[in-house]
Visitor: 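There's a structure below that I have some questions on.
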Amino acid sequence: MSYYSRSSPFANSAIVAGIYLPELLNKEITPGEALDWLEQKEQTFFEIRNNFELPANVIQNFIEGKGSNKFPETSYSFGVFDYDFRELFPEAIYQSMRKSLIEFSRKIKGFEEGIIMGFESKTSSPIQVIRDDKYLAAGFENLYVIGEGSRRAGGIISSAVDGIKAATTLIE
Ligand SMILES: Cc1cc2nc3c(=O)[nH]c(=O)nc-3n(C[C@H](O)[C@H](O)[C@H](O)COP(=O)(O)OP(=O)(O)OC[C@H]3O[C@@H](n4cnc5c(N)ncnc54)[C@H](O)[C@@H]3O)c2cc1C
């Protein structure tokens with residue numbers, strides 16, 4: 001992670017656990033219910049302390065199912081506290097993350113000394129704006145929704161390119 005010169009000692013990344021909610025919850029659910037489920041999970045993380053401190057664990061301890069009484073320095077300014085992630089996630093999610101972290105730690109020396117913290121419930125916008133070839137949102141005469149929010153892009157570069165293409169189209 002670097003704000004400018006790539007000299008920060010911290011790497012900041014996320015582990016994505018893909019889930020299929022009907023299978024996980026063993027019932028049919030609507031898209032709205034799926035979003036509610038994610039929001040509820042985020043709420044649960046917040047309500048442990050009712051502030052922006054984050055539940056966390058050292059990766060090696062997460063893998064071994066143990067708590068951590070000491071954390072290495074972190075770039076997260078609100079602070080972290082030890083928490084058992086199995087109380088926050090269904091077992092299937094915990095196990096898939098655990099297996100991935102074992103693999104990362106095997107391939108990247110020192111990865112297991114890092115901290116796993118917090119929860120980001122979505123990897124990109126969960127809704128898609130319908131728009132035409134000129135990037136105009138359906139039903140509007142002057143609304144151009146671009147980048148991540150249009151769900152036509154899923155990251156920094158693709159969002160930027162989407163924005164450039166939309167602007168160029170508009171100018172032309
Ligand atoms: C923690 C995290 C890590 C990520 N890591 C990566 C990564 O490693 N690689 C990668 O490719 N992508 C990553 N992403 C995703 C990436 O950041 C987004 O896909 C990308 O920034 C979307 O660009 P955007 O221009 O569509 O939206 P944004 O970058 O969100 O820009 C939207 C802008 O609109 C402004 N805005 C909002 N409302 C208003 C308003 N009413 N009036 C005026 N301005 C307004 C906001 O302030 C903001 O500046 C990450 C995202 C997060 C949250």
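For ligands, and for the atoms within them, numbers begin at 1 and follow the listed sequence.
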Visitor: Mind listing the closest non-hydrogen atom pair of Glu148 and Gly155 along with its distance?
Guide: OE1-N, 3.7 Å
Visitor: Does any donor atom in the side chain of Glu39 or Gln43 lie under 3.5 Å from an acceptor atom in the other side chain?
Guide: no
Visitor: Which ILVMFWY residues can you reach from Phe52 by hopping between side chains whose heavy atoms are under 4.5 Å apart?
Guide: Phe46, Leu54, Val58, Phe71, Tyr76, Phe78, Val80, Ile115, Met117
Visitor: Check each protein residue for a heavy atom under 4.0 Å from ligand 1 and list those that pass, ordered by chain and number.
Guide: Glu120, Gly147, Glu148, Gly155, Ile156, Ser159
Visitor: Quick one: list whatever passes side chain to side chain contact (heavy atoms under 4.5 Å, CB included) with Thr30, sequence neighbours left out.
Guide: Glu33
Visitor: Which other residues belong to the hydrophobic cluster containing Ile157, where Ile, Leu, Val, Met, Phe, Trp and Tyr are joined when side-chain heavy atoms lie under 4.5 Å apart, directly or via other members?
Guide: Val161
Visitor: With side chains defined as the heavy atoms from C-beta onward, is the minimum distance between Pro22 and Lys27 less than 4.5 Å?
Guide: no
